[in-house]
Student: 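The structure follows.
The first residue in the sequence is number 1, and the count goes up from there. Worth saying up front: this structure is predicted, and the values here are computed from it rather than measured.
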Amino acid sequence: MLSQEPAKHIRSRTRLLAQCRGQLPLATAIKVLKIPVHDAKKLTQEVKPPAWTAGSPLMDFPALTKYLNGKEEYISGFAALHNAPGRWVSPEQFDKIYKRARHGTPAGLITHLGTRRTSPDTSPSQHLWAKGEHHRALEVLEAHLHRTAPQQRMNDDRDQVTVVGLDLVDEPHTSYQQWLLRKRALQVQNMGYDRRLIARTKVDFLNTDPLRPLKDVLVVAHRVAFELHHDPEGKFEGAKRVDDARLAALVADQILDLVAWGDDALALGTTHLRPEATRSPRRARADGPRRPEVQGTPGPVSARPSAGCSSTI
């Protein structure tokens, strides 16, 4: 289990990495991360630095995170979760446990990282999409959400649940990801979820072991973490449950930090939806659950990251 101080220290590291959104100047790494100059210079990119860094080279993020990991000054919560002991639960058990955990913890925050490239056609909408009947697939998906969203919204408001998630997508998108993009947009509109999407290549630095790609992760209320396992076709096989609250909080925080890099699912998805399908997303009640504050500016990575990247945090 993570002790309190190292966990707090690690969260400050991942927050800085997220604020910089892949563009951390050498000078900031030396000043804020306290990396020795001779070590830091070995971890820079071999490209001309942008003008805003005043000539300071940019850090190579994969090399930097591996270096910090070796010094025990940064860890990927996802890698730590993978290595942590836990209890295996079947798909049926997971469904029951998740429902109990979700609605048994008032003021809970549900954080989710989606990593799949494909998934079986388990819903009528997805099946229609895979057959190329895109217009009909969206109609079916909208109808389903119109039926189920009101009750889900009522449950979330009652239990003060907020859902925030990030999906990794490929370029070009797989067929499943094309469908998922539209689904996420409609979930934002109908259910008030905060969903973002990000190119998989932008978070490669988190994957310290190429032989073990990132898995789907779900954290309930910063207290219980699930590492979801799928077969090569994307079928859900079960999950590992980890009841280490500090590790769960670290993983949730890293997901929230990565959300700041992501593109808004509603903005992306509605460009592909029919005009009659788009409407203003639900706004949270004044006394209801609020979206957590995340570092950085939502949307695609800009030419220059947030100001926090070049100042002490």
Student: Step by step, work out the side-chain contact (heavy atoms from CB on, under 4.5 Å) result for Leu180 and Asp167.
Tutor: CA-CA 9 Å; Leu180 182 66; Asp167 293 290; 3.9 Å; yes
Student: Say whether, by atom type as modelled, one donor and one acceptor occur between the side chain of Gln45 and the main chain of Met59 under 3.5 angstrom.
Tutor: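 Yes, because the side chain of Gln45 sits within donor-acceptor range (under 3.5 Å) of the backbone of Met59.
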Student: Could you tell me whether a side-chain N or O of Thr53 sits under 3.5 Å from a main-chain N or O of Pro50, the two making a donor and an acceptor?
Tutor: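 Yes: the side chain of Thr53 pairs with the backbone of Pro50.
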Student: Any chance you could measure Leu113, atom CG, to Ile198, atom CD1, to the nearest 0.5 Å?
Tutor: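 Rounded to the nearest 0.5 Å, the CG-CD1 separation comes out at 10.0 Å.
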Student: So does Asp243 pair up with Arg241, basic N to acidic O under 4.0 Å?
Tutor: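 Judged by the 4.0 Å cut-off on N to carboxylate O distance, Asp243 and Arg241 do form a salt bridge.
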Student: Check for a donor-acceptor pair, side chain of Gln151 on one end and backbone N or O of Thr148 on the other, with a separation under 3.5 Å.
Tutor: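 Pair absent, no side-chain N/O of Gln151 close to backbone of Thr148.
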Student: To the closest 0.5 Å, what do you measure between CG (Leu166) and CD (Gln254)?
Tutor: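 These two atoms lie 12.5 Å from each other.
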Student: Does any N or O in the side chain of Gln93 come within less than 3.5 Å of the main-chain N or O of Ser90, such that one atom is a donor and the other an acceptor?
Tutor: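 Present.
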Student: Give me the other members of the hydrophobic cluster that Val140 sits in, counting Ile, Leu, Val, Met, Phe, Trp and Tyr linked by side-chain heavy atoms under 4.5 Å, directly or via other members.
Tutor: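 Members other than Val140 - counting any ILVMFWY side chain reachable under 4.5 Å - are Leu128.
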Student: Quick check against the 3.5 Å criterion: does Arg223 have a side-chain atom that pairs as donor or acceptor with the backbone of Ala245?
Tutor: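 It does not hold such a pair.
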Student: Using modelled atom types only, decide if a donor and an acceptor are shared between the side chain of Asn190 and the backbone of Leu186 within a distance under 3.5 Å.
Tutor: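 Confirmed, Asn190 side chain pairs with Leu186 backbone.
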Student: Taking all heavy atoms of Gly86 and all of Val242, pick out the closest pair and write down the distance.
Tutor: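 Where Gly86 meets Val242 most closely, the heavy atoms are CA-CG2, 4.3 Å.
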Student: Ignoring hydrogens and geometry, is there a side-chain-to-backbone donor-acceptor pair from Ser56 to Ala27 under 3.5 Å?
Tutor: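 Yes; judged by distance alone, with no hydrogens or angles, the pair exists.
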Student: Report the residues that fulfil side-chain hydrogen bond (donor to acceptor under 3.5 Å, both in side chains) with His229, sequence neighbours left out, ordered by chain and then residue number.
Tutor: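 Partners of His229 under the side-chain hydrogen bond (donor to acceptor under 3.5 Å, both in side chains) test: Glu227.
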Student: Pick from His135, His134, His173: which one makes a ring-ring contact (aromatic ring centres under 6.0 Å, His included) with Trp129?
Tutor: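 Option passing the ring-ring contact (aromatic ring centres under 6.0 Å, His included) with Trp129: His134.
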Student: Go through the structure and list residues passing salt bridge (Lys or Arg N to Asp or Glu O under 4.0 Å) with Asp170, not counting sequence neighbours.
Tutor: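 Only Arg117, Arg200 meet the salt bridge (Lys or Arg N to Asp or Glu O under 4.0 Å) criterion with Asp170.
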Student: Under the side-chain hydrogen bond (donor to acceptor under 3.5 Å, both in side chains) rule, what do His222 and Asp253 come out as? Steps first, then yes or no, please.
Tutor: CA-CA 8 Å; His222 272 61; Asp253 283 349; 3.1 Å; yes
Student: Can you tell if the side chain of Val251 reaches within under 4.5 Å of the side chain of Val217, non-hydrogen atoms only?
Tutor: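 Sidechains of Val217 and Val251: in contact.
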Student: Quick check against the 3.5 Å criterion: does Lys240 have a side-chain atom that pairs as donor or acceptor with the backbone of His82?
Tutor: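 Flag set: sc Lys240 to bb His82 pair under 3.5 Å.
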Student: Which distance, rounded to the nearest 0.5 Å, do you find between the OH of Tyr67 and the CD1 of Ile35?
Tutor: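 Tyr67 OH to Ile35 CD1: 5.5 Å, rounded to 0.5 Å.
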Student: Might you point out which heavy atoms bring Ser125 and Leu141 nearest each other, and give the distance in Å?
Tutor: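 Smallest interatomic distance, heavy atoms only, reads OG-CB, 3.4 Å.
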Student: Does the pair Leu218 and Thr111 meet the rule for a side-chain contact (heavy atoms from CB on, under 4.5 Å), with working shown?
Tutor: CA-CA 6 Å; Leu218 188 140; Thr111 46; over 6 Å; no
Student: Would you please classify the geometry between the Phe236 ring and the Phe94 ring as parallel, tilted or perpendicular, with 30° and 60° separating the classes?
Tutor: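 Perpendicular, since the angle between the ring planes exceeds 60°.
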Student: Given side chains that start at C-beta, do those of Phe226 and Leu81 come closer than 4.5 Å, heavy atoms only?
Tutor: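 In short, these two side chains do not touch, never coming nearer than 4.5 Å.
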Student: Return the set of residues passing side-chain contact (heavy atoms from CB on, under 4.5 Å) with Ile30 (not counting sequence neighbours), or none when no residue passes.
Tutor: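 For Ile30 the side-chain contact (heavy atoms from CB on, under 4.5 Å) partners, ignoring immediate neighbours, are Leu26, Val37, Ala40.
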Student: Taking salt bridge (Lys or Arg N to Asp or Glu O under 4.0 Å) as the definition, give me every residue that meets it alongside Lys131, ordered by chain and number, with sequence neighbours left out.
Tutor: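 Lys131 satisfies salt bridge (Lys or Arg N to Asp or Glu O under 4.0 Å) with Glu133 once adjacent residues are dropped.
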Student: Would you please name every residue forming a salt bridge (Lys or Arg N to Asp or Glu O under 4.0 Å) with Asp60, sequence neighbours left out?
Tutor: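 For Asp60 there are no salt bridge (Lys or Arg N to Asp or Glu O under 4.0 Å) partners, ignoring immediate neighbours.
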Student: May I ask you to decide if Ser119's main-chain N or O and Gln126's side chain share a donor-acceptor pair within less than 3.5 Å?
Tutor: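 It does hold such a pair.
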Student: Nearest heavy-atom pair of Asp231 and Glu237: which atoms, and what distance?
Tutor: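 Residues Asp231 and Glu237, closest heavy atoms: CB-OE2, 3.4 Å.
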Student: Please confirm whether the backbone N or O of Asp216 pairs with a side-chain atom of Thr115, one donor and one acceptor, at under 3.5 Å?
Tutor: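 Yes, Thr115 side chain to Asp216 backbone: donor-acceptor pair under 3.5 Å.
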Student: Would you indicate whether the side-chain heavy atoms of His230 and Lys235 approach each other to under 4.5 Å?
Tutor: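 No, too far: nothing below the 4.5 Å cut-off.
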Student: Given the rule in the side-chain contact (heavy atoms from CB on, under 4.5 Å) test, do Ile255 and Val164 qualify, once you have shown the distances and angles that lead to the verdict?
Tutor: CA-CA 9 Å; Ile255 294 174; Val164 179; 5.8 Å; no
Student: Inspect the contact between Arg196 and Asp194 and indicate whether a charged nitrogen and a carboxylate oxygen are less than 4.0 angstrom apart.
Tutor: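 Yes, Asp194 and Arg196 are salt-bridged.
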Student: Search all heavy atoms of Pro49 against all heavy atoms of Gly55 and return the closest pair with its distance.
Tutor: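 Taking every non-hydrogen atom into account, CG-O, 3.8 Å.
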Student: List the atom of Tyr193, the atom of Val188, and the distance in Å for their closest heavy-atom pair.
Tutor: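 It is O-CG2, 3.3 Å.
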Student: Return the minimal non-hydrogen interatomic distance between His112 and Arg195, and the atom names on each side.
Tutor: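 Minimum heavy-atom separation between His112 and Arg195: ND1-NH2, 3.1 Å.
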Student: Rounded to the nearest 0.5 Å, how far apart are CG of Leu24 and CG of Leu43?
Tutor: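 With rounding to 0.5 Å, CG (Leu24) is 10.5 Å from CG (Leu43).
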Student: Applying side-chain contact (heavy atoms from CB on, under 4.5 Å), run through Lys215 and Leu228 and close with a yes or a no.
Tutor: CA-CA 6 Å; Lys215 296 182 180 296; Leu228 311 184; over 6 Å; no
Student: Do the side chains of Val169 and Leu181 get nearer than 4.5 Å, heavy atoms only?
Tutor: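 Side chain of Leu181 against side chain of Val169, heavy atoms only: no contact under 4.5 Å found.
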Student: Looking at Glu233, I want to see if its CD is surrounded by more than 12 non-hydrogen atoms of other residues, nucleotides or ligands under 6.0 Å.
Tutor: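 Counting neighbours around CD of Glu233, 12 or fewer heavy atoms of other residues, nucleotides or ligands fall under 6.0 Å, so no.
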Student: Distance from Arg246 atom CZ to Asp244 atom CG, nearest 0.5 Å?
Tutor: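 Atom-to-atom, Arg246:CZ and Asp244:CG are 8.0 Å apart.
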Student: State the CZ-CG distance between Arg182 and Leu138, to the nearest 0.5 angstrom.
Tutor: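 Output value for this atom pair is 7.0 Å.
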